[in-house]
Amino acid sequence: MKSALLSTLALVSLAAVAFAQEKALGHQDTPLIPGTKWHVHDGERPQPPIVTPGQPPILEAGTDKPPTPATPPSDAIVLFDGKDLFEWRDAKGGDAKWKIEDGHMEVVPGSGDIFTKDEFGPDVQLHVEFATPPPVGDGQGRGNSGIFLYGRYEIQVLDNYDNPTYPDGQATAIYGYMPPQVNACRPHGEWQTYDIIFEGPRFKEGKLEKPAVVTILHNGVVTQNHTALIGETPHKQVGTYHEHPLKGPIKLQDHHNPMRFRNIWIRDLRMPTPEDIGDGPQIGK
């Protein structure tokens, strides 16, 4: 009787261990990822935080109304929701002088660039929606604006639908340096999207340690793919770097065209640390 009881208890114990192993997250008996403290499929590695994605644009059936803009993800900082310019200022710190109309902001030509009151960085995801006005002029004179990270690195905004110009000044160009891989522009008046993943530069003791890097999707199409910047983006000059803090404002440019913007939001990004990366890929091994 005692022997049968011990056998039963042993089976129950083995079953409990097996159940616990089945329910445990990941594995601790796999090799270590080189240069890290983590096993392959390590269940003790920190879980990614949960972010609720935004909702897609909503089109009201049976109406001529344009679709409502998509909503931002749950961890985004909303910079413009169509209601006011509270998050924005002019170059001198005063009120932004662009106008609000039908859920968008519109450049008042000659009123000046606008800047976010808060500063962001070093690594961010920035979402911007814009629409260009009816075509007047050509080249750089048609539907021109710009999105400046840190207030100094320009991603060109331009109406390039059937409107050629110099390639490093086209829509989603890193202005004055790198043309987009493709032209993904929609016709004037249609809402367009920029999704910008920007890794800010790093400086050490006054010298550049790591250049800025940007990836851009224009209307869902990749137009810049992990492109390293050679510096700031001046007009008719070669850009160079000047040391600045890890955070800076976002600037939208008044280029004397009545551009429209809506649904602007930004997220801080956490880049992998040396602890995450370890020894990295070993070429030839």
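Keep in mind that the numbers below use all heavy atoms, side chains included, and drop hydrogens, waters and symmetry copies.
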Are [X] and [Y] linked, directly or through other ILVMFWY residues, by side chains that come within less than 4.5 angstrom of each other?
{"X": "Val107", "Y": "Leu85", "value": "yes"}
{"X": "Leu229", "Y": "Met178", "value": "yes"}
{"X": "Tyr241", "Y": "Ile155", "value": "yes"}

Within a strict 4.5 Å, meaning less than it, do heavy atoms of the [X] and [Y] side chains meet?
{"X": "Phe203", "Y": "Pro245", "result": "no"}
{"X": "Thr165", "Y": "Leu158", "result": "yes"}
{"X": "Ile114", "Y": "Asp90", "result": "no"}
{"X": "Thr30", "Y": "Trp38", "result": "no"}

Between Tyr161 and His188, is the gap from one ring center to the other below 6.0 Å? no

Q) Mind checking whether Tyr153 and His244 have ring centres under 6.0 Å apart? A) yes

- Task: Please report the C-alpha distance between Asp168 and Ile174 in whole Å, then the side-chain angles of each, then the deciding distance to 0.1 Å, and finally whether the side-chain contact (heavy atoms from CB on, under 4.5 Å) criterion is met.
- Result: CA-CA 7 Å; Asp168 65 13; Ile174 300 168; over 6 Å; no

>> Does Lys117 qualify as a cation-pi partner of Phe86, given the criterion of NZ or CZ under 6.0 Å from the six-membered ring centre and within 45 degrees of its axis?
In response: yes

- Is it the case that Arg262 places NZ or CZ above or below the six-membered ring of Trp191, under 6.0 angstrom from the centre and within 45 degrees of the axis? yes

[X] bridged to [Y] by N-O distance under 4.0 Å:
{"X": "Asp254", "Y": "Lys97", "result": "no"}
{"X": "Arg186", "Y": "Asp159", "result": "no"}
{"X": "Lys210", "Y": "Glu199", "result": "yes"}

(message) Using 30° and 60° as the class boundaries, would you call the ring planes of Phe198 and Tyr150 parallel, tilted or perpendicular?
(response) tilted

Worksheet entry | Plane angle bin for Phe261 and Phe130 - parallel if under 30°, tilted between 30 and 60°, otherwise perpendicular | tilted

Expected output: side-chain Asp138 to main-chain Asn163 donor-acceptor under 3.5 Å
no

| query | Would Val157 and Tyr175 count as a side-chain contact (heavy atoms from CB on, under 4.5 Å) if you check the C-alpha gap in whole Å, the side-chain angles of each, and the deciding distance to 0.1 Å? | reply | CA-CA 9 Å; Val157 178; Tyr175 188 73; over 6 Å; no

| said: Is there a side-chain contact (heavy atoms from CB on, under 4.5 Å) between Ile77 and Arg267? Walk through the geometry before answering. | reply: CA-CA 6 Å; Ile77 299 169; Arg267 298 178 61 242; over 6 Å; no

